[in-house]
Amino acid sequence: MTLKIYNTLNKRKEDFIPLEEGKVGFYVCGITAYDVCHIGHARSAIVFDVIYRYLKYRGYAVTYVKNFTDVDDKIIEKALKEGVDIGTIADRYIREHNEDMDALGVARPTVAPRATENIKGMIRLIERLLERGLAYVVDGDVFFAVERFEGYGKLSGRTLDEMMAGARIEVDKKKKNPYDFVLWKAAKKGEPWWDSPWGRGRPGWHIECSVMSQRFLGETFDIHGGGEDLIFPHHENEIAQAEGATGKPFVRYWVHNGFVKINSEKMSKSLGNVFTVKDILRRVHPDVVRLFMLRSHYKSIIDFSEDGLRDARSAMERFYTTLETVNKLLAGGGDFDDFSGKDLSGEDEAFFRNVESLPERFVDAMDDDFNTARAIGYVFETLRRLNTYISDNEDRSRERAFLFALDTAKKRLRETGKVLGLFLADPSEYFRLDRDRELRRKNLTEEEIDALVEERNRARRERDWEKADAIRDRLRERGVLVRDSSGSSSWTVQ
RNA sequence: GGCGGCAUAGCCAAGUGGCCAAGGCAGCGGUCUGCAAAACCGUUAUUCCCCGGUUCGAAUCCGGGUGCCGCCUCCA
């Protein structure tokens with residue numbers, strides 16, 4: 001089986017063949033550190049996190065580079081406003097970013113370089129472009145001459161002529177062509193600067209990614225990712241800079257994730273509908289966010305909404321309910337270390353075989369351009385079979401064959417979960433966090449609910465069903481669902 | 001104006017030429033339960049926006065139409 005990746009460059013799915021067998025060089029455009037991360041950053045991060053995990057799962061040695069842009073107009077603006085230097089602003093938002101990513105279960109990249117640590121490399125790259133006649137200097141600014149780079153527009157699928165036809169872009173008198181972009185900006189008063197052959201200044205936005213990716217991954221590398229909005233101009237310009245300087249192909253596979261809309265509207269600061277990662281994580285468990293993101297294909301636009309989040313939470317709850325049941329059965333049962341699949345027969349064997357085939361089906365889905373939606377479908381299909389198996393065999397809770405089959409199911413579910421970064425929590429921990437969060441939101445305390453449940457249990461023992469039902473109704477009105485088992489009752493918050 | 005994408009059940013969402021159109025949520029009927037809840041079983045698209053065409057055969061390919069949306073400017 002071969003991994004297929006949709007390559008934005010060629011607009012089709014292609015077999016993934018890394019430059020060097022068994023190794024993958026992977027670069028993703030990170031954040032500009034001027035504000036806290038929102039749900040759109042979260043999607044991008046989760047998508048590429050899963051791609052990273054999957055490549056490793058498939059046995060590749062992956063070098064994953066994700067940069068931080070720590071010098072830029074917006075950072076400078078904020079620094080001026082607060083009267084601090086840009087490093088203070090960047091440090092703050094990089095720290096926030098790392099907190100958010102950790103909370104979302106996003107693995108740290110192999111390298112997380114910062115633009116300002118790579119100024120020398122940027123100057124060298126610009127010098128090479130000047131030497132090759134692909135750039136020109138005007139009053140301390142350096143521009144890339146798009147007309148001098150053959151193939152400009154190949155990633156975004158347009159030609160310079162087409163772009164000129166309809167576009168309305170700001171005309172900068174210094175530019176020879178309106179699509180020329182800045183490689184180096186002469187310093188204005190009060191702005192941070194670095195010395196360069198063209199005077200004091202700072203780098204343009206696109207140059208850092210060309211430099212940092214090649215520094216850690218080589219002049220040509222395997223996969224470059226980012227949000228679809230970066231295709232033009234950012235990634236187009238990265239190609240122009242890198243290939244202009246080296247004369248070699250820059251990136252073999254370009255991967256772009258789709259946007260997040262909020263209640264069917266574009267998320268934007270002007271609409272005031274930006275949800276930050278911290279907002280979301282106050283409301284739901286990270287698994288819910290990840291499930292919400294990964295149940296759609298990474299390229300499609302997803303619509304973030306209350307309903308969508310609730311659906312994902314319900315699904316997550318079902319998963320952990322089953323896992324909790326399995327854990328209890330395994331804890332209460334005996335030892336089955338010396339058991340193997342060969343010892344099974346009948347229903348046990350059929351179930352075992354089905355469960356053992358989960359990773360195979362999972363890989364099949366993921367190999368098809370990281371189809372996490374299909375992959376998750378297989379996980380839930382397995383979950384249903386597991387539930388059926390448990391309820392068909394309630395009287396066999398101490399049998400080795402049964403326990404062995406359950407244990408296998410759990411292992412296979414966790415194996416796929418590890419790649420998705422999902423389903424990895426301890427169920428009781430998951431429910432405890434979920435409960436605490438919901439209680440806070442509804443202004444309830446565990447104590448008052450426990451007291452009511454206890455009162456109800458007394459009524460139940462006295463067979464005072466009327467009173468028991470009244471208490472249950474009261475709790476339900478406040479969003480608390482009571483669930484009775486033989487001796488006691490548990491409860492969940494809706 | 002230029003370039004591109006999408007349209008599948010009540011909602012979300014896979015499926016890109018051929019088994020009964022995955023999976024999740026929600027609903028309904030049943031098992032269980034004092035009654036519920038959870039879990040389980042069954043059920044909910046003879047059909048994939050509309051109209052043509054290609055084909056033995058299309059949600060899937062082609063042409064046209066309709067409706068949404070994105071990019072072309074900082075943006076994940």
Side-chain angles (χ1 to χ4, degrees), chain A residues 11 13 28-32 34-35 37-48 72-74 153 156-159 161-170 179 205 225-234 236 256-261 264-269 274 291-292 295-297 299-303 305 307-319 321-322 324-325 361 365 368 371-392 394 460 463-466 468-469 472-473 476 481-486 489-492 494:
Chain A
K11 294 182 177 39
K13 272 187 219 172
V28 173
C29 289
I31 58 152
T32 299
Y34 78 102
D35 206 347
C37 291
H38 58 241
I39 193 75
H41 295 111
R43 182 183 194 190
S44 185
I46 289 168
V47 162
F48 292 112
D72 139 287
D73 289 349
K74 288 185 292 271
S156 49
R158 47 189 130 187
T159 63
D161 289 346
E162 280 168 1
M163 284 189 255
M164 300 302 278
R168 244 182 77 85
I169 63 164
E170 204 180 319
Y179 282 95
W205 173 40
E228 65 177 0
D229 55 316
L230 298 179
I231 295 171
F232 189 89
H234 185 54
E236 196 68 70
H256 293 97
N257 69 275
F259 259 49
V260 177
K261 294 200 299 181
S264 310
E265 280 184 321
K266 184 177 169 163
M267 176 169 64
S268 73
K269 292 195 174 169
V274 175
L291 181 65
F292 176 81
R295 66 183 184 165
S296 302
H297 187 85
K299 278 203 307 290
S300 62
I301 294 169
I302 55 175
D303 196 0
S305 67
D307 288 357
L309 220 52
R310 199 201 47 221
D311 286 2
R313 177 169 171 253
S314 298
M316 222 51 246
E317 210 164 290
R318 191 156 75 89
F319 182 91
T321 300
T322 301
E324 192 170 44
T325 306
R361 284 174 288 151
D368 185 15
N371 195 332
T372 52
R374 213 170 96 204
I376 288 170
Y378 294 141
V379 170
F380 276 93
E381 196 179 21
T382 302
L383 190 76
R384 198 187 62 237
R385 279 177 189 270
L386 173 56
N387 277 327
T388 305
Y389 181 68
I390 293 169
S391 70
D392 285 353
E394 273 168 348
R460 282 177 71 215
R463 305 198 141 254
D464 184 351
W465 306 125
E466 210 168 303
D469 290 354
R472 186 171 60 198
D473 289 345
R476 201 204 310 264
L481 284 183
V482 181
R483 204 183 293 173
D484 297 336
S485 58
S486 53
S489 304
S490 62
W491 51 271
T492 57
Q494 260 180 324

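Letters A, B, ... mirror the listed sequences (proteins, then strands); counts begin at 1. Not measured: the values here are computed from a predicted model.
Phosphate contact (OP1/OP2 of B:G23, side-chain N/O of A:R295, threshold under 4.0 Å): absent. The shortest distance between the side-chain N/O atoms of A:K299 and the OP1/OP2 oxygens of B:C6 is not below 4.0 Å. Between A:R310 and B:G24 there is no side-chain polar atom (N or O) within less than 4.0 angstrom of OP1 or OP2. For B:C40, one of the phosphate oxygens OP1 or OP2 lies less than 4.0 angstrom from a side-chain nitrogen or oxygen of A:N387. For B:C41, one of the phosphate oxygens OP1 or OP2 lies less than 4.0 angstrom from a side-chain nitrogen or oxygen of A:T388. At least one side-chain nitrogen or oxygen of A:R384 sits closer than 4.0 Å to the OP1 or OP2 atom of B:G23. Distances shown here put every side-chain N or O of A:W491 at or beyond 4.0 Å from the OP1 or OP2 atom of B:A38.
Following rounding to the nearest Å, A:E236 (CD) and B:C75 (P) show an atom-to-atom distance of 15 Å. Note: CD1 (A:I301) to C1' (B:C68) measures 10 Å, nearest angstrom. As rounded to whole Å, 10 Å separates atom P of B:C41 from atom CZ of A:R385. Atom pair A:R43:CZ and B:C12:C1' shows a separation of 13 Å (rounding to whole Å applied). The nearest whole Å value for the distance from the CG atom in A:D311 to the C1' atom in B:A26 is 8 Å. The distance between atom CG of A:D35 and atom P of B:C74, rounded to the nearest whole Å, is 18 Å.
Among residues two or more places apart in sequence or in another chain, the side-chain hydrogen bond (donor to acceptor under 3.5 Å, both in side chains) test is passed with A:D72 by none.
Checking side-chain atoms of A:D368 against main-chain N and O of A:N371 turns up no donor-acceptor pair under 3.5 Å.
Side-chain atoms of A:L383 and A:F380, non-hydrogen and from C-beta on, do get closer than 4.5 Å to each other. A:F319 is listed as a side-chain neighbour of A:V379, based on a closest heavy-atom distance under 4.5 Å.
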Checklist line | Bracket notation of RNA chain B in which parentheses pair within the strand, [ ] cross earlier pairs, and | pairs with another strand (Watson-Crick or G-U, under 3.5 Å) | finding: ((((((((.[[[..)..(....]]]((((((.......))))))....[[[[[..)....]]]]])))))))....

Notebook entry, point to check: Could you write nucleotides 29-36 of chain B as a row of B, S and -, 5' to 3', where a protein heavy atom under 4.0 Å of any base atom gives B, of only sugar-phosphate atoms gives S, and otherwise -?
Noted result: -----BBB

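The ring of A:F259 lies on top of the base of B:A76, close enough and flat enough: under 5.5 Å between centres, under 30° between planes.
Using a 4.0 Å cut-off between charged nitrogen and carboxylate oxygen, A:D35 and A:K74 do not count as a salt-bridge pair.
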